[in-house]
Amino acid sequence: MARKTSRSGLPGSVAILWLRHDLRLSDHRALAAALDEFGLIVPVFVLDESDENRWALGGASRWWLHHSLAALGAALRKRQSELVLRRGDSVSILRDLVRETGAAALFCGETHEPWLRSLTDAVEKAVGVPVHRRRVSTLFDAEAIRTKSGGQYSVYGPFARACRAQPEPEDPLPAPQSIPSPKRMPRSDALDDWGLLPKKPDWSGGFDTMWTPGEAGADKKLKSFLKDRLDGYGASRNVPGDPQGTSMLSPHLHWGEISPNQVWHAAKQAADRKKAKSGWDSFSGELLWHDFSAYLLRYNPEMPEKPLRAAYAKLPWRRDKAGMRAWQQGRTGIPIVDAGMRQLWRHGWMHNRVRMITASFLVKHMLVSWQDGEAWFFDTLVDADLATNAASWQWIGGCGTDSQPFFRVFNPVTQGKTHDPDGRYVRHYVPELKALPDRWLHCPWQAPQSVLGKAGLVLGRDYPKPILDLDRGRDRALDAYRKHVRGAKKGADA
DNA sequence: CTCGTCTTGTA
DNA sequence: ACAAGACGA
């Protein structure tokens with residue numbers, strides 16, 4: 001690629017690459033632009049915990065970040081570069097680094113997180129050199145997706161149609177062969193000193209078996225998914241007992257170890273090869289949901305805290321400490337809910353179908369606020385993403401912009417029987433129920449004594465009795481909705 | 001203004 | 001069948 005010497009800088013001049021949620025070298029448009037316009041690159045990651053950010057990194061995210069940064073550092077060293085790690089206030093650190101290196105510009109990826117957007121603005125004001133943002137974590141530019149009247153979409157369907165009417169997302173860029181460094185790189189913290197890994201108790205044992213953070217791990221996950229899972233994805237993605245039924249790319253996408261662009265194009269090619277049209281339709285739709293969540297957060301910065309439909313703020317959420325702990329620890333006595341919550345704790349990840357079931361159970365049956373569930377997921381998921389997490393919890397809470405009728409309450413028993421009919425999922429994560437026959441596995445409290453006896457199971461001793469009656473929980477949720485949301489809205493309109 | 005449309009459900 | 005409108009063209 002020809003280097004342009006006439007623009008912002010000389011080929012020998014320095015640019016800072018400020019990495020955030022874009023921990024990769026391939027298809028990185030900010031990196032490519034920096035290399036294109038400047039000769040020498042200083043890649044920096046700043047761990048900024050100085051502000052009172054309610055959405056500071058959760059424990060699972062910190063585990064992931066540690067390993068992802070290690071992988072990125074190694075990938076940079078292979079290209080005659082290195083990753084500069086700094087901890088503290090982003091603004092002063094980057095200002096100092098610009099001075100120290102004599103950098104003439106700063107490049108970074110575009111982000112949709114409100115706090116990161118305003119932090120980027122603050123950095124721009126402080127560093128005294130131009131700041132260039134490039135789209136790195138969505139397929140489409142949020143500015144380009146507009147309704148006919150120029151407004152923003154609030155419903156997925158029309159949003160997705162508008163995206164699909166756009167020109168195809170650009171082809172991904174290859175990773176640069178080499179990333180030249182200035183003669184003297186600024187000093188870097190030692191990653192191990194950051195203490196991102198759990199101390200004791202070390203809950204991360206189940207993480208290693210499932211995840212390989214970093215660009216290479218992301219690529220491997222993508223390839224194995226496309227190889228034999230894209231065909232039939234529409235159905236297999238709903239089977240939690242099939243560990244590979246989904247792409248499992250979410251944490252890699254969140255940290256930007258792979259770009260939606262790369263996934264889009266790779267999947268499209270694979271689908272064309274295999275004539276897997278329906279697999280492509282479903283999977284590309286999921287990628288558009290990822291874009292849609294970012295888009296919503298971009299235009300609704302309070303989405304993580306406040307219901308998009310204001311009437312829902314009036315719901316009388318219950319404070320239920322014991323219930324919340326039971327839910328978190330997978331001891332609700334509802335097998336599919338407990339299986340999901342235990343999977344989350346063990347692996348930092350939960351199957352999408354089960355996320356909906358466990359979330360619906362918390363918000364509807366338990367009548368605990370979606371914000372409380374959101375906070376727990378944010379702390380425990382390796383793919384904790386402010387936009388996706390908030391949008392999804394609002395959706396299940398019925399207060400998202402999409403019309404998810406509140407009265408649509410997932411029945412965890414029906415869901416279990418439909419989506420885990422052979423009990424593979426529940427038996428894996430709730431082994432104390434292993435010996436129960438399929439018929440009673442999802443509703444042990446209904447099993448006859450003789451069945452329980454044969455399985456050597458005493459409810460309340462070996463496995464909890466349900467913390468609530470499902471029918472009563474459902475009715476209570478519907479009553480609350482009718483009284484506080486529907487009624488409130490009518491009152492407001494009158 | 002009207003009309004088609006609306007991720008994932010339950011009884 | 002139910003239940004609840006709202007979004008967007």
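Applying the side chain to side chain donor-acceptor pair (under 3.5 Å) test to Arg474(A) and every residue at least two apart in sequence or in another chain returns nothing. Scanning for side chain to side chain contact (heavy atoms under 4.5 Å, CB included) contacts around Lys220(A) gives an empty result, with sequence neighbours left out. For Glu215(A), the side chain to side chain contact (heavy atoms under 4.5 Å, CB included) partners are Arg24(A), Leu25(A), Ser26(A), not counting sequence neighbours. Looking at residues two or more places apart in sequence or on another chain, you find a side chain to side chain donor-acceptor pair (under 3.5 Å) between Ser204(A) and Asp202(A). Among residues two or more places apart in sequence or in another chain, the ring pair (Phe, Tyr, Trp, His ring centres under 6.0 Å) test is passed with His21(A) by His254(A), Trp255(A).
Inspection of the Arg164(A) and Ser284(A) side chains reveals an N or O donor paired with an N or O acceptor under 3.5 Å. Residues Asp27(A) and Ser259(A) have side chains that bring a donor and an acceptor to within less than 3.5 angstrom of each other. Between the side chains of Tyr425(A) and Gln343(A), at least one donor-acceptor pair of N or O atoms lies under 3.5 Å.
Between Arg161(A) atom CZ and dT7(B) atom C1' the separation is 13 Å, expressed in whole Å. Ile396(A) places its CD1 atom 11 Å from the C1' atom of dT7(B), with the value rounded to the nearest Å. Rounded to whole angstrom, the span from the CZ atom of Arg237(A) across to the P atom of dT8(B) amounts to 11 Å.
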Can you list, pair by pair, the side-chain donor-acceptor contacts under 3.5 Å of residues 441-451 of chain A, counting residues two or more places apart and other chains?
residue: His442(A); atom: NE2; partner: Gly416(A); partner atom: O; Å: 3.2
residue: His442(A); atom: NE2; partner: Asp420(A); partner atom: O; Å: 3.0

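Residue pairs meeting the ring-ring contact (aromatic ring centres under 6.0 Å, His included) criterion with at least one partner in residues 256-287 of chain A, sequence neighbours excluded, are Phe225(A)-Phe283(A), Tyr233(A)-Phe283(A), Trp264(A)-Trp280(A). Sequence neighbours left out, the pairs with a member in residues 266-292 of chain A that pass salt bridge (Lys or Arg N to Asp or Glu O under 4.0 Å) are Glu168(A)-Lys268(A), Arg237(A)-Glu286(A), Lys277(A)-Asp281(A).
Remark: DNA chain C takes part in the stems B:2-6 with C:5-9, each of 3 or more antiparallel Watson-Crick or G-U pairs, criterion distances under 3.5 Å.
Aromatic ring centres of Trp18(A) and His132(A): separated by at least 6.0 Å. The distance between the ring centers of Trp55(A) and Trp115(A) does not fall below 6.0 angstrom.
Between dT5(B) and dA3(C), the two P atoms lie 23 Å apart (nearest whole Å). Using atom P as the reference point in both dT7(B) and dA9(C), the two lie 14 Å apart (nearest Å).
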Name the pairs: protein N/O against N/O of nucleotides 9-11 of chain B, kept only if under 3.5 Å.
residue: dT10(B); atom: OP1; partner: Asn411(A); partner atom: N; Å: 2.4
residue: dT10(B); atom: OP1; partner: Asn411(A); partner atom: O; Å: 3.4
residue: dT10(B); atom: OP2; partner: Gln415(A); partner atom: NE2; Å: 3.4
residue: dA11(B); atom: OP2; partner: Asn411(A); partner atom: ND2; Å: 3.4

Using nucleotides 7-9 of chain C, report all nitrogen or oxygen pairs with the protein that are shorter than 3.5 Å.
residue: dG8(C); atom: OP1; partner: Ser154(A); partner atom: N; Å: 2.8
residue: dG8(C); atom: OP1; partner: Val155(A); partner atom: N; Å: 3.2
residue: dA9(C); atom: OP1; partner: Tyr153(A); partner atom: OH; Å: 2.8
residue: dA9(C); atom: OP2; partner: Lys148(A); partner atom: N; Å: 3.3

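Near DNA chain C, defined here as any heavy-atom distance below 4.0 Å, there are no residues from residues 280-296 of chain A.
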